[in-house]
Number of protein chains: 2
Amino acid sequence: MSDASGLMTEEAPQTTGKRRQIRPKAERRQQLIDATIRCIAQHGLSKVTMQMVTSEAGLSVGIANLHFQSKDNLLKETLRFVAEEYHGGQIKIMEGSDMPDLGQRLDALLDFQLGRGVTQRQKMSVWFAYYGEAGARPVYQKIVSTVDRLAAQKLEALFSDIIKEGEYQGVDARELATGYSSLIDGLHLGLLVTPRELTKRRARAVARDFLRRAFPQHIS
Amino acid sequence: MSDASGLMTEEAPQTTGKRRQIRPKAERRQQLIDATIRCIAQHGLSKVTMQMVTSEAGLSVGIANLHFQSKDNLLKETLRFVAEEYHGGQIKIMEGSDMPDLGQRLDALLDFQLGRGVTQRQKMSVWFAYYGEAGARPVYQKIVSTVDRLAAQKLEALFSDIIKEGEYQGVDARELATGYSSLIDGLHLGLLVTPRELTKRRARAVARDFLRRAFPQHIS
DNA sequence: ACCCAGAATGAATGGATATTCATTCCGATG
DNA sequence: CATCGGAATGAATATCCATTCATTCTGGGT
């Protein structure tokens, strides 16, 4: 639930010992999901094969079907994992009763959304690979919109609190929340597709600007 | 170069006459590209096959390779078509010397970006299907970023003019332009993936809000 | 009316890939 | 230490799909 770290050099195809190992089901599942993420990022969703994924994970071909029944299901579970990791992280920050200052909480949110963890190319690739198929696959739409809705509600609530605290006039929390999350999504897209023109630094500045224009007292 | 219309009921698998017809190369190419767009929208990029595309176009399997050499190339050309249609439309409006009022030009741009033509599910699906693969396929990145860069420049120029005309203070045209196009991209994503939560009407309101906050004198 | 360049066809080919399952082997248990 | 449930393997299978090309047919030119 909180790995979010390695993913890069996790499974060096063990040069030393190739002895067969038995590991708990949950661990194997995660191993395969991580490998799937790497494969999608490197080769694109449409080019991913089971052989690719299992060998990336340092395992045999049969094992994926043992733990996930089918390729389709493996892909579905991978999307669920990425979606929950992203939205879970956001929600934790937004609820963050440990961070009483609302402006500070906004900052933390922005850091998370455009910081290292989320904007690693790997994760973004996966994210948008699925978005691309979502139009044709209701299953994907459902997975994403389920977690998305909750995050949207939390964001709206946070904005509402900020509006109340700052006594901002003529601002609609709901509309602003939609705008902000759309902006973040769009920035992610830009970082992925035109990294030459949009740096992470500039993406942050743009998002911060949006917030500053809406909540001038809360953003320095 | 300006079709942008039908695409829906174009090629009814002719129930009446199935007589073979010879048509100019350009026409067949467009027919196949249109069919590809429909197939991607309906089945997803990763599930599209040559059979699917050619039968959707009401043609035989061999013809795609005759006109496009390979599936890869057909997909590439389809992306190029969609990208050019979208960005070309934007650029035409932004340059629009026929529309002297800058605020009006902004409105027209927004209408185009979130109006019927562009936000048809079909086109959006295609758009994001390719974005999803762009991380792994430099060819796609190149096609998109080429047209994208030009549109970004025009938008920045338009914003510059508006800033000058309105004597707005403390606003950076470049940053604002990045923000605006990212916002539009994000809204498109929302319309595609969570159509239940984000209507076209609301998407427009959100985008308009962004512009109003930046250029209050130019947007009613 | 006839011809023929080349557009269009679709059966055949070969390569790739998801999925199965008989077999192997680990390691917890008593 | 011997046993055995079930985790792991990977060769084999069946399916699917892009691409080819020998053949058919069309329609403009003469």
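A, B, ... follow the sequence lines: proteins, then strands. Residue 1 opens every chain.
- As judged by a 4.0 angstrom heavy-atom cut-off over every strand, B:Val48 is placed among residues touching the sugar-phosphate backbone only.
- Contact annotation: A:Arg28 side-chain N/O to D:dA7 OP1/OP2 distance is not under 4.0 Å.
- Residues B:Tyr130 and B:Tyr140 bring their aromatic ring centres within 6.0 Å.
- Checked against C:dT19, D:dC17, C:dT9, the side chain of B:Ser60 finds its nearest nucleotide in C:dT9.
- Between B:Ile22 and A:Gly62, it is A:Gly62 whose nearest contact on DNA chain D lies nearer the 5' terminus.
- B:Lys47 and A:Glu133 are not joined by a salt bridge, as no carboxylate oxygen comes within less than 4.0 angstrom of a charged side-chain nitrogen.
- Of the options B:Arg80, B:Lys92, B:Lys123, a salt bridge (Lys or Arg N to Asp or Glu O under 4.0 Å) to B:Glu85 is made by B:Lys123 and by none of the others.
- Per the geometry, CG belonging to B:Asn73 stands 15 Å off P belonging to D:dA18, to the nearest Å.
- Under 4.0 angstrom from either OP1 or OP2 of D:dA7 there lies no side-chain N or O belonging to A:Arg20.
- Take the nearest nucleotide of DNA chain C for A:Lys71 and for B:Leu59: the residue whose nucleotide is more 5' is B:Leu59.
- B:Ile63 places its CD1 atom 14 Å from the P atom of D:dT26, with the value rounded to the nearest Å.
- For the pair A:His67 NE2 and C:dT19 P, the interatomic distance rounds to 16 Å; values are reported in whole Å.
- Going from atom CE of A:Met52 over to atom P of C:dT17 covers 7 Å, rounded to whole Å.
- The separation between B:Met50 atom CE and C:dT9 atom P is 14 Å, rounded to whole Å.
- Put simply, CZ on A:Arg23 is 16 Å from C1' on C:dC25, counting in whole angstrom units.
- Taking atom CD of residue B:Gln21 and atom C1' of nucleotide C:dA7, one finds them 12 Å apart after rounding to whole Å.
- Using a 4.0 Å cut-off between a side-chain N of Lys or Arg and a carboxylate O of Asp or Glu, A:Arg202 and B:Glu175 do not qualify as a salt bridge.
- Rounded to whole angstrom, the span from the CZ atom of B:Arg19 across to the P atom of D:dT24 amounts to 18 Å.
- Remark: B:Asp111 does not engage B:Arg116 in a salt bridge, criterion side-chain N to carboxylate O under 4.0 Å.
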